[in-house]
Amino acid sequence: MAKSKKTNKTKLGFSKVEVLGHHFNIIETDSDDVLLDGGRTVALGFVKYFEGVIVIDSRQSKESMMQTFFHELLHAIDFILHNEQVTYDEETVNVLARGLNTVRLE
């Protein structure tokens with residue numbers, strides 16, 4: 001009898017991403033305790049750059065979670081490309097994330 005491969009069911013459909021040679025685990029959570037970043041409440045997600053983790057609130061719709069994922073991924077890209085400095089403001093990241101969330105590849 002063949003062993004069945006255990007799959008990790010996620011709302012997004014993936015749990016890891018690699019960008020610019022850096023690996024990030026995606027954590028979907030509905031825990032308010034986890035959604036505290038350094039003692040501050042975050043709205044829908046956050047990225048822990050040095051730990052290689054992106055945390056996303058799973059109480060959102062899948063569409064909103066994808067936009068949050070892109071938002072946090074853009075923060076990670078900004079951090080990596082600017083030598084561990086965050087240079088993009090939230091409005092810039094929000095606009096780019098909304099745009100990326102509309103891309104459909106055929």
D78 (side chain) donor-acceptor with T87 (main chain) under 3.5 angstrom: yes
Nearest heavy-atom neighbours spanning R104 and N101: NH1-O, 2.9 Å
Where I80 and V19 come nearest, the two heavy atoms and their spacing: CD1-O, 4.1 Å
Close side-chain approach of I56 and L44, heavy atoms under 4.5 Å: no
Between OG on residue S31 and CG on residue D57, distance to nearest 0.5 Å: 9.5 Å
Over 12 non-hydrogen atoms of neighbours within 6.0 angstrom of NZ in K11: yes
Note, L73 side chain near V17 side chain (heavy atom, < 4.5 Å): yes
Interatomic spacing from NZ in K62 to CG in L12 - rounded to 0.5 Å: 7.0 Å
Close side-chain approach of K48 and V55, heavy atoms under 4.5 Å: no
Atom CG of N83 with >12 non-hydrogen neighbours under 6.0 angstrom: no
Close side-chain approach of V53 and I27, heavy atoms under 4.5 Å: yes
Centroid separation F24 to Y49 less than 6.0 Å: no
Beyond-backbone contact of E72 with H75, side-chain heavy atoms, under 4.5 angstrom: yes
Polar side-chain atom of N94 near backbone of E90 as donor-acceptor pair, under 3.5 Å: yes
Value rounded to 0.5 Å, distance of CZ in F70 from CE in M65: 12.5 Å
Any donor-acceptor N or O pair under 3.5 Å, side chains D30, S58: no
Evaluation steps, side chain to side chain contact (heavy atoms under 4.5 Å, CB included), between I26 and T10: CA-CA 10 Å; I26 312 302; T10 64; over 6 Å; no
Minimum heavy-atom distance V47-A76, with the two atoms named: CG2-CB, 4.2 Å
Gap between atom CZ of F14 and atom CG of N25 - 0.5 Å precision: 12.0 Å
L100 side, atom CG; M66 side, atom CE - distance, nearest 0.5 Å: 9.5 Å
Whether over 12 other heavy atoms sit under 6.0 Å from Q85 CD: no
In one Ile/Leu/Val/Met/Phe/Trp/Tyr side-chain cluster, 4.5 Å: I77, V95: no
K16 side chain near H23 side chain, heavy-atom distance below 4.5 Å: no
Side chain T102, main chain G99, donor-acceptor under 3.5 Å: yes
Rounded distance (nearest 0.5 Å) linking atom CG of L96 with atom CD of Q67: 11.0 Å
Proximity of Y88 and F79 rings by center, below 6.0 Å: no
